[in-house]
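Remarks on the structure that follows.
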Amino acid sequence: STAMAATKVVCHHLGRVPYLRAQAMQRRLVAMRRAQEISDHILLLEHPPVFTLGRMQASLQNLRVSESEVAAAGASIVQSDRGGNVTFHG
């Protein structure tokens with residue numbers, strides 16, 4: 001029989017966090033985890049409304065509304081290094 005080792009997972013209940021702040025925290029945790037400095041972590045949070053633009057070059061053109069319309073609606077636009085197109089979080 002194979003024994004299963006217990007894995008510690010640290011859960012962060014962060015509430016509402018701006019996208020870029022959460023992204024920076026995630027990147028720091030990933031770097032620390034890869035260096036085996038910390039155990040696994042999970043981030044539980046929500047963002048204020050934000051459109052993320054993925055790695056696809058045409059993602060800004062695919063937004064279909066102007067940046068001023070996005071701002072007037074209370075949302076923001078953030079360039080992301082993930083995904084391929086536009087994603088709305090909110």
Side-chain angles (χ1 to χ4, degrees):
S1 81
T2 305
M4 199 174 221
T7 301
K8 179 180 178 184
V9 176
V10 178
C11 185
H12 301 269
H13 295 269
L14 302 174
R16 194 170 182 141
V17 179
Y19 183 88
L20 290 175
R21 188 181 316 160
Q23 184 184 54
M25 181 180 189
Q26 181 181 9
R27 287 179 175 163
R28 284 191 305 273
L29 291 171
V30 166
M32 293 169 68
R33 183 67 180 105
R34 285 184 176 153
Q36 299 182 351
E37 297 171 1
I38 60 173
S39 63
D40 292 333
H41 287 240
I42 187 167
L43 306 178
L44 302 177
L45 57 94
E46 64 176 305
H47 305 298
V50 62
F51 289 90
T52 56
L53 305 178
R55 294 174 294 195
M56 183 190 305
Q57 280 188 331
S59 62
L60 184 58
Q61 291 86 353
N62 291 337
L63 189 54
R64 309 280 179 156
V65 295
S66 70
E67 293 182 46
S68 60
E69 289 174 298
V70 170
S76 61
I77 301 170
V78 175
Q79 183 65 52
S80 175
D81 58 358
R82 296 168 47 179
N85 209 333
V86 178
T87 303
F88 178 68
H89 309 261

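- The hydrophobic cluster containing Val50 also includes Tyr19, Leu20, Val78, under a criterion of side-chain heavy atoms closer than 4.5 Å among ILVMFWY residues, counted directly or through chains of members.
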Per-pair distances, 0.1 Å, donor-acceptor, side chain in residues 27-49, under 3.5 Å, sequence neighbours excluded:
unit_1, atom_1, unit_2, atom_2, d
Arg27, NH2, Asp81, OD1, 3.1
Arg27, NH2, Asp81, OD2, 2.7
Arg33, NE, Asp40, OD1, 2.7
Arg33, NH1, Ile38, O, 3.3
Arg33, NH2, Asp40, OD1, 3.2
Ser39, OG, Lys8, O, 3.4
His41, ND1, His12, NE2, 2.6
His47, ND1, Val17, O, 3.1

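- At a threshold of 4.5 Å between non-hydrogen side-chain atoms, the residues Leu14 and Met25 count as touching.
- With sequence neighbours left out, the side chain to side chain contact (heavy atoms under 4.5 Å, CB included) criterion links Ser68 to Ser66.
- Between Ile77 and Glu67 the shortest heavy-atom distance is CD1-CG, 3.6 Å.
- The number of heavy-atom neighbours closer than 6.0 Å to CZ of Arg64, taken from other residues, nucleotides and ligands shown, is 12 or below.
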